[in-house]
Amino acid sequence: MTVRTRIAPSPTGDPHVGTAYIALFNLAFARQHGGDFILRIEDTDQTRSTPESEQAILDSLRWLGLEWDEGPDVGGPHGPYRQSERKDSYKDFAMKLVEEGKAFLCYRTADELNELREARRAAGKQTALKQSDLGLPADEVDRRMSEGASYVVRMKVPEEGTCVIDDMLRGTIEVDWAQVDCQILLKSDGMPTYHLANVVDDHLMKISHVIRGEEWISSAPKHHLLYQYFGWEMPKLCHMPLLRNPDKSKLSKRKNPTGINYYERMGYLPEALLNYLARMGWSMPDESEKFTRQQMFDNFDIQRVSLGGPIFDQEKLSWLNGLWIREELDSEAFSQKFQQWALNSDYLMPIIPLIQPRVDKFSDVVPLAGFFMSGMLDLDEADFENKALDKDQVRRVLQFSLWQLEAERYWEKDRIFQGLSGLSKAMDFKIRDFLFPLFVAISGSASSVSVIESMLLLGPDMSRARLRHALNQLGAASKKEAKRWDKEFRALQAVLESQS
Ligand code: GLU
C-alpha cells in the first residue's frame with residue numbers, strides 16, 4: 001500500500017499554527033514511508049472561504065518549509081484539489097445513498113428542528129435527531145415537495161448500539177450511536193457538508209492515513225458509517241492532541257497569537273518554528289530539543305506522540321529560536337537572513353509611502369519605522385498620559401478595541417477603521433482621543449504614522465498582541481471589572497448593530 005496523507009485546510013481565516021503542526025506530522029509520516037503528502041482545500045463553505053486566505057495558507061506553509069506532492073497549485077493525478085471545483089460530483093454520491101435507502105431527503109424547517117430537539121430534551125433523551133424524529137408522513141412530504149420547499153439530504157444513523165473506531169494513538173474509541181445525529185450530507189443549496197466532501201475526496205484521492213486534530217474525533221463515527229455505506233475501505237485514523245495555551249485551554253487567539261504570520265513578523269526562523277511544532281507532543285528518541293526537519297523525518301515514529309495536551313509556550317519557542325540563531329547562523333548568514341526579514345521589498349514597499357513624507361534624511365527612518373521591525377514595545381504608564389483620557393479610560397479603550405479586533409475576520413483597512421470609529425462614537429469619545437492609546441500601543445508614539453495603516457501592515461496577531469501588551473503594562477482588568485466591561489461592550493455592540 002502506498003502511504004498517502006493529506007492536510008485539508010478550510011480557507012476561512014489567517015493561517016494557523018495548528019494547521020502547520022498537523023501538516024508537519026502528515027508530511028513526516030508520508031516521508032517516513034516513502035509516500036505522498038497532499039494538500040486539499042476544503043472550501044465548500046462559500047460564504048466564509050476566500051482566495052486570499054487560501055493563498056496565505058499556501059504561502060505560510062511554504063515559508064515553514066513544508067512541501068506537498070499534490071495540491072491546487074502544483075496539480076497531480078487526483079485533482080482538482082479544491083473542493084469548490086469538485087462540487088458537482090458530491091450530489092451524485094449523496095443521491096446514490098438516497099436511492100439505496102441509506103440517506104433521505106429531509107424537508108423539516110428550522111423551527112420544527114428546534115421543536116424536535118426540545119421535545120427530546122424534555123423527555124430526557126439525547127438531543128441527536130434520528131430518522132424516527134425527522135420523518136414526515138408521505139403525503140406531507142409530497143405536499144412540501146410539490147410546493148418546491150427546500151430540503152437537505154441526511155444520512156441515516158442507527159438509533160442504538162455503539163460505533164467502534166480504531167485510532168492509531170488512542171486504540172479503540174467507542175461512541176454510542178444515540179449521540180450521533182442524522183448528519184446533513186447535502187445542504188439546501190446543493191453544496192456538500194464537510195463530512196460528505198471529506199469522505200468522498202479522501203477516498204477518491206486514495207488517502208491511506210488521516211492524521212488530524214482531536215477535535216474531529218466526534219466526526220469519526222459519521223465518517224465510519226459513510227465508508228460502510230459506500231462500500232469503501234476507511235483510511236487509518238490518527239487524532240493528534242490539540243495545541244494548548246499555557247493555562248491548558250485550547251490554543252486560541254484570545255490568549256496567544258495563533259497566526260503563522262505573527263511568528264514570521266516576530267522574527268522567528270522557520271526552521272526553529274517547525275522544530276518547535278515537531279516537539280509538540282513528539283520527541284526524538286534521544287530526547288534532543290533542537291533538530292532539523294530531516295532529522296525528524298529520519299527518526300519519525302508516530303507512536304512516540306504523547307496524548308497529554310502539548311503546551312504552545314512562547315518563551316520556550318524563543319529559547320529554541322535563540323539556539324538556532326546563535327548556533328546555526330554565521331555572521332554572513334545572520335546578516336542575510338536579517339535583511340531578508342526586515343528589508344525585503346514585500347514588507348518594506350507599503351511602509352515607504354507612510355514614512356517618506358516625514359523623512360528629511362535616512363537617519364530619520366529607524367526612529368520613525370523601527371516599530372515595524374519590533375516585537376512587544378517598551379512601554380510604561382507615563383507613555384499613556386493624556387489630557388483627555390484618564391488611565392481607566394485608556395484601559396477601557398484598549399480592551400474594547402482588542403475585543404473589537406478579535407471579532408474581525410477580515411483584516412482590511414476599511415473594516416478596521418469602521419469598526420474602531422463606530423466603537424469610538426459608541427463610547428462617546430472624539431476619534432482623536434480614542435485613537436491615542438492605540439497609537440501608543442501599536443507604534444510607541446502618539447505622533448506616529450497612521451495607526452490603522454500600521455495595524456494593517458503588522459497584521460492581526462501582532463496588532464492584538466501589542467494592544468494586549470499595553471493593557472498588561474497598565475494593569476489588565478480584574479475579574480470583576482472584566483465582567484462589567486464585557487457587559488458594557490456587548491451593549492455598545494448591540495447599539496452599533498441596530499444602527500447599521
Ligand atoms: N477542513 C477540515 C479543517 O478545516 C479538515 C479536517 C480533517 O482533516 O478531516 O481542518
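Each ligand, and each atom within it, is numbered from 1 in the order the structure gives. Worth knowing before you read on, the calculation uses all heavy atoms, side chains too, and leaves out hydrogens, waters and symmetry mates. One is the number of the first residue; the rest follow in order along the sequence.
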If you measure every N or O of Pro9 against every N or O of ligand 1, does any of those distances drop under 3.5 Å?
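No: no nitrogen or oxygen of Pro9 is under 3.5 Å from one in ligand 1.
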
Heavy atom of the protein closest to [atom] (residue, atom name, distance):
atom	result
atom 8 (O) of ligand 1	Arg6 NH1, 2.5 Å
atom 5 (C) of ligand 1	Ala8 O, 3.3 Å
atom 10 (O) of ligand 1	Trp216 CZ2, 3.5 Å
atom 9 (O) of ligand 1	Tyr194 OH, 2.7 Å

Any chance the rings of Trp232 and Phe93 have centres within less than 6.0 Å?
yes

Identify, by atom number and element, the atoms of ligand 1 in contact range of Ser10, meaning under 4.0 Å from any of its heavy atoms.
1 (N), 4 (O)

Taking 4.0 angstrom as the limit and counting only heavy atoms of Glu42, give me the atoms of ligand 1 inside it, by number and element.
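That gives atoms 1 (N), 2 (C), 5 (C) of ligand 1.
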
Run the side-chain contact (heavy atoms from CB on, under 4.5 Å) test on Lys236 and Val210 for me, step by step, so that the C-alpha distance in whole Å, both residues' side-chain angles and the decisive distance to 0.1 Å come before the verdict.
CA-CA 6 Å; Lys236 300 252 177 315; Val210 167; over 6 Å; no

Any donor-acceptor pair under 3.5 Å linking the side-chain atoms of [Y] with those of [X]?
X	Y	value
Asp59	Gln55	yes
Ser53	Tyr410	no
Trp403	Asp486	no
Gln314	Tyr263	yes

Counting heavy atoms under 4.0 Å, the part of Asn198 that contacts ligand 1 is side chain

